[in-house]
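Here's the structure we're looking at; comments come further down.
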Amino acid sequence: MIDPRLLRDDPDRVRAAQARRGESVAVVDDLLSADVTRRESIAAFERLRAEQKQLGKQIATAQGDKRATLLARTKDLAAQVKDAEAVQTEADAAFHTLMTSLPNVADERAPAGGEDDYVVLEQHGTIRDFDAEGFTARDHLELGTLLKAIDVERGAKVSGARFYFLTGVGAMLELALVQMAMERAEQWGFTPMIPPALVRSRAMDGTGFLGQAAADVYHLPADDMYLVGTSEVPLAAYHSDEMLDGSSLPRRYAAFSPCFRREAGSYGKDTRGIFRVHWFDKVEMFTYTTLEESYAEHERLLSYEREWLTALELPFRVIDVAAGDLGASAVRKFDCEAWIPTQGRYRELTSTSNCTQFQSRRLDIRVRGTGGTTEPAATLNGTLCAIPRTILALLENHQLADGSVRVPQALQPYLQGRDELKPAGSGE
RNA sequence: GGAGGUGUCGCCUAGUCUGGUUUAUGGCGCCCGCCUGCUAAGCGGGUUGAGGGUUCAACCCCUCUCGCGGGUUCAAAUCCCGCCACCUCCGCCA
């Protein structure tokens with residue numbers, strides 16, 4: 001939810017942001033008129049209610065005839081108060097419904113347009129030339145099969161398409177990445193967390209995932225619970241309905257959790273291997289801070305992602321995601337995309353968003369400042385390591401001619417010092 | 001799943017049986033001031049949050065806010081119903 005005051009004071013800014021997202025500008029005028037209706041109904045109700053309270057006080061002390069007269073008057077008034085309250089509740093709900101459907105006000109620096117209108121900010125690492133090295137690169141599934149690290153056939157047998165087993169060195173690789181990610185995050189000042197992956201609608205809705213992204217979320221109707229698509233959800237809801245002391249900020253959390261995504265509308269996309277799956281594990285960074293500090297914090301999260309991918313020796317670029325591709329909560333988003341040799345292009349590995357006060361307004365997370373002031377907290381999130389895509393990038397980028405895979409130096413201590421993963425022998 | 005108990009301002013707490021003069025009591029913490037070599041202590045004052053009106057802004061005025069939502073009533077922290085969370089016990093399961 002955006003700041004209602006911004007809507008009232010500077011509707012043109014909201015209109016401009018909507019336009020850059022490619023979304024309705026007219027909704028701003030609907031909101032403005034709903035706000036007027038709402039405020040008028042509040043004033044009307046409060047006038048009647050104040051009168052009722054006044055009379056109630058007199059009744060408490062009145063005696064005899066005087067009391068009877070007052071009772072007769074106020075009985076009628078009670079009905080009017082009730083009606084006015086109903087009108088107000090309705091006007092409030094109408095305003096609120098419109099308000100919650102409005103995405104966050106995109107940052108003016110976020111490029112206008114949709115998915116393809118991103119701007120490349122940086123490029124890191126060197127892309128290997130496999131032709132020059134004298135062999136054809138295998139894709140991650142081939143490599144994963146050779147190494148007996150990835151089993152998608154049995155994943156499909158047991159759970160269906162877009163499921164997989166990580167086996168042997170594949171399983172150990174996940175644990176190594178997780179351990180390395182959590183250790184680094186803790187050194188950077190994040191509190192390690194293992195959050196619930198099953199949440200109530202409040203948490204899911206509060207983080208903005210039951211809006212336009214609802215079709216992508218697994219829902220368990222028997223219990224009205226949701227499987228999270230990212231631990232951003234439980235981490236954002238962690239401090240819901242709380243007042244945070246300003247001096248305790250920033251609060252940084254790093255969570256390891258499974259993620260579940262229905263991938264509705266992505267039929268036929270990335271069907272091979274483990275690039276796009278219904279379930280995966282991820283280490284996610286999350287920060288609570290002030291609006292003022294959020295922009296610097298966003299850069300900081302990006303720098304951690306950069307440092308992480310560099311440690312894994314992966315070639316990647318950073319893009320500034322266009323306004324229309326931000327999702328409802330974010331004002332700005334940076335994606336780190338790793339080079340995927342067999343696809344000949346960069347693909348998203350990590351993503352960091354500044355959600356400013358959008359999620360906090362819905363989840364009621366406030367900060368008490370030094371002067372006793374209160375304001376909604378700002379929330380930010382960033383991927384540190386999404387396991388399957390990271391494994392994919394590692395296998396493809398560090399493969400050798402015989403199907404072995406070189407282990408980047410920083411990861412070696414987490415794999416018993418191994419510097420290479422070798423294809424397993426034949427047979428089961 | 002069954003039985004019982006609890007939920008009050010950042011934290012603790014009085015008030016609930018017996019509805020109204022409650023502007024929800026007091027303490028801790030915090031903020032401001034006084035005092036004092038400094039600090040602490042002491043003394044005095046302030047301190048729930050959200051929204052609306054007014055305003056350049058503030059002061060100020062009003063409404064809502066006692067876990068959440070409904071109901072009864074002229075009037076609800078207080079009475080009734082539903083839900084949620086926590087605690088104790090029983091059952092079941094890992």
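In this entry the distance linking CZ of A:Arg39 with C1' of B:C64 reads 18 Å, nearest Å. Here the P atom of nucleotide B:U73 and the CG atom of A:Leu77 are 16 Å apart, to the nearest Å. The interatomic distance linking A:Ile365 (CD1) with B:A50 (P) rounds to 15 Å, in whole Å. Spacing between atom CZ of A:Arg8 and atom P of B:G51 amounts to 10 Å, rounded to whole angstrom units.
Within a 6.0 Å radius of CD in A:Glu90, no more than 12 heavy atoms belonging to other residues, nucleotides or ligands are found. In A:Gln409, the CD atom is not crowded: 12 or fewer heavy atoms of neighbouring residues, nucleotides or ligands sit closer than 6.0 Å.
Comparing B:C64, B:G51, B:C74 by their nearest atom to the side chain of A:Lys75 picks out B:C74. Here B:U63 is the nucleotide among B:U63, B:G53, B:A75 with the atom lying nearest to any side-chain atom of A:Ala50. Closest to the side chain of A:Lys82, from the set B:C84, B:G51, B:U72, is B:U72. Closest contact between the side chain of A:Ala78 and the listed nucleotides B:C74, B:G53, B:U63 involves B:C74.
At a threshold of 4.0 angstrom between heavy atoms, the contacts of A:Arg366 are confined to the sugar-phosphate backbone, with no base atom among them. When heavy atoms are screened at a 4.0 angstrom cut-off, A:Arg5 is found touching no nucleic acid atom at all. Within 4.0 Å of A:Arg38, counting heavy atoms only, lie sugar-phosphate atoms of the nucleic acid but no base atom.
If you take atom C1' in B:U78 and the same atom in B:G71, they sit 15 Å apart, rounded to whole Å. Using atom P as the reference point in both B:C83 and B:G2, the two lie 11 Å apart (nearest Å). Atom name P, nucleotides B:U13 and B:G7: the rounded distance is 9 Å, in whole Å.
Applying the 3.5 Å distance criterion, the base of B:G53 shares no donor-acceptor pair with the side chain of A:Glu46.
Ionic pairing of A:Arg361 and A:Asp3 is present here: one or more N-O contacts between side-chain nitrogen and carboxylate oxygen are shorter than 4.0 angstrom.
Between A:Phe165 and A:Phe163, the gap from one ring centroid to the other reaches at least 6.0 Å.
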